[in-house]
Amino acid sequence: MNNGSNTPCLTVALPKGRMADESLKFLREAGVSIPSSHHDGSKLIVESADGQYAYFLVKPTDVATFVEYGAADVGICGLDKLRENACNVYEPLLLPFNYCRLSLCGPAERSSTPLRYETQPRVVSTYPNLTMEFFRQRGINAEVIKLNGSVELGPLVGLADLIVDIVQSGKTLRDNGLVEIRTILDVQAVFIVNRSSYRLKSHAVQQMLTALKKAIHGRDN
Amino acid sequence: MDDLQYTISLPASPSHVDGQVVGHIPRGVADYFWEDAAERRQLEVQLLQAFRLWGYTDLIPPTIEYADTLKARANADLQTKIYSFLDHDGKTLALRPDMTISAARLVGTRLHDAPMPQRFCYVGAVFRHAEPQAGQQREYWQAGVELIGANSPEADAEVLALTAKAFQTGGVSNFYLVVGQMHFFFGLLAELQLTPQHQAQLLQAIDRKSEPELDEFLQNAPLASTARRAVERLLELHGANPLRVLEQARTLALNSAMHESLDNLEAIYQVLDAYGVADRIHLDLTEIRDLGYYTGITFQAFTPELGFAIAGGGRYDNLIGTFGAPKPAVGVAVGIDRLLLARRLQQHVDTGADAPPRVLVAANHNPACYQIIQAWRAQGAVVIIDVNGNSQERTGAEFVEAARAQHAKLALSWTGSGFDVYDVRQPSASSKKHIDASDETLLAQLIQSSERRHL
């Protein structure tokens, strides 16, 4: 399947930021060739050292979109972004990093009334779809407000009663007087594959899957 | 501020009128014009001609159907995407979401005693509500075939081979057909005897090709050891070497239904081999699209350039029975928009070698000139009459500019006894020459040789 001289056989989309380092570290562990140094920010698409793979970095929330459209053959992103955008891709593997959870949180002093008694709670989140779905399933008519960041601020300044956000250690929540009420989604990194590439570049994709699986077991032990 | 709105006359552009829709088009629909429209029409005709060569006859179903008719298509997801509206008598009408339902209704209610098999081909717009995603419009064009009243492997192979032919005809040479067989999965489900929750879990894991989710299913569902082994290895059952996939699948088949589905695929594959399209086939036994609708083979076509399927189809033996006598049927629908996209990406755009020559003629109200023009058109030339021209007041350069704007390669102006001929490809308009009307051969030659351009 290696299509000859120097064209990369798979295009890989990775999320910018902390997850990029974790992803590259894990790919290196798996023996998947990665770019020799990713310090040069001027080049948008960087080939791996052996020329097998072409990597590019995009906003975490866009990784799945690039893969869905086939602009990247494979990608790594958080399960939270994948479910929020409901992208139509294959997701053969969960990867052992970026562990966190998407949680519904509220002020610590909030009375202990069950959620279902709330009439029309106002919720801020960067995950409007998952938030809406969570409340819809419980028959609660929530008013969901989409923010692009600083979600914890919502209850403090009276913008909202509740928030839905990613919780890792819980420190940010505590610092802002918030507590977790319910976990909506357990999140970790997920390896995704374009539906067409899964077939047409089957050999290269399976090779990568095998390597990644080995590395997952390696970390387990 | 309100007063200002009334005193200042707004420009005609609709974008300046807040909240109004006049002059806009709804999301997900498009105007096609000029080269784009010509290319679409040309592709549609090419596909229909390919289908007709295999004995398929044209079907032109209505654009609207009763919404209840469309409910026969057992797919909850599709049902939510249908555009429906009320008729004046209170009945609910709907825009067709595909052509297959209409074909099935026609055969089930009116052609059930016609000699079988019936072969239909079609091209037309279908309508589905969709959020703009992966190349999806809300009105989009499909060309396809339905082969009704036959359930042999040969019938399945014919539709697959014809799909391959349609791609080649459309100028897309690099493509794959990913083929699955629902009965393999049905057989497995019958053997597993799952609760609805477990079944949903298994389906989701397979749809996402997710090994972690499959592992979770295996932990939760009580399975016998042979069944467990089959499920464990389910996701491996795909590949570009169909015979090897079949061989692998044989070792996991648990009952006669699963074995028969593999026999069926093998028989289909043999016919495809004879058609010379075996190398285009990619078998995938986890290809379980549209559960409850497809009843045999199911397939999708992909190209390396596009991340999503360009065509899809399969066997649907239960659909026609909902309208009348049951009939087996198999069909395919090709997305025109996506095929065009793939064709452009594979750079097999038609060079216009067959496009007729194009000339602009200023006839200057002369009856003799009109007769000559009609003769040229009869010979297949595209002759555009310069209806806005006034040759008395216009320079040669202006005339040539008009011809260029209408994509003509020659501009001819009637002089009374013949034509002043301008070659539009020349930068200067001074290069005109006069040809007498009596010199018919020279004129005909000139027009036929005017450089052919791609429409």
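Chain identifiers are assigned alphabetically (A, B, ...) following the order of the sequence lines, protein sequences preceding nucleic acid strands; residue numbering begins at 1 within each chain.
Cation-pi geometry between B/Arg280 and B/Phe175 is satisfied (NZ or CZ under 6.0 Å from the ring centre, within 45° of the ring normal).
The closest side-chain donor-acceptor pair between B/Asn174 and B/Gln346, if any, does not fall under 3.5 angstrom. Residues B/Thr286 and B/Lys209 have side chains that bring a donor and an acceptor to within less than 3.5 angstrom of each other.
For residues 128-149 of chain A, no residue pair satisfies the ring pair (Phe, Tyr, Trp, His ring centres under 6.0 Å) rule, not counting sequence neighbours. Counting only residues at least two apart or in different chains, salt bridge (charged side-chain N to carboxylate O under 4.0 Å, His left out) contacts with residues 174-183 of chain B are absent.
Contacts of A/Phe191 with chain B are absent, with no heavy-atom separation under 4.5 Å from either backbone or side chain. Of the two parts of B/Asp215, neither the backbone nor the side chain holds a non-hydrogen atom closer than 4.5 Å to a non-hydrogen atom of chain A.
The side-chain heavy atoms of A/Val193 and A/Val89, taken from C-beta on, include no pair separated by under 4.5 Å.
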Cut-off 3.5 Å, no hydrogens considered: what does the side-chain donor-acceptor table look like for residues 208-215 of chain A, sequence neighbours left out?
{"unit_1": "A/Thr210", "atom_1": "OG1", "unit_2": "A/Gln206", "atom_2": "O", "d": "2.6"}
{"unit_1": "A/Lys213", "atom_1": "NZ", "unit_2": "B/Glu211", "atom_2": "OE1", "d": "3.2"}
{"unit_1": "A/Lys213", "atom_1": "NZ", "unit_2": "B/Glu211", "atom_2": "OE2", "d": "3.1"}

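Annotation: residues 299-307 of chain B contacts chain A through B/Phe302, B/Thr303, B/Pro304, B/Leu306, B/Gly307 [non-hydrogen atoms, separation under 4.5 Å].
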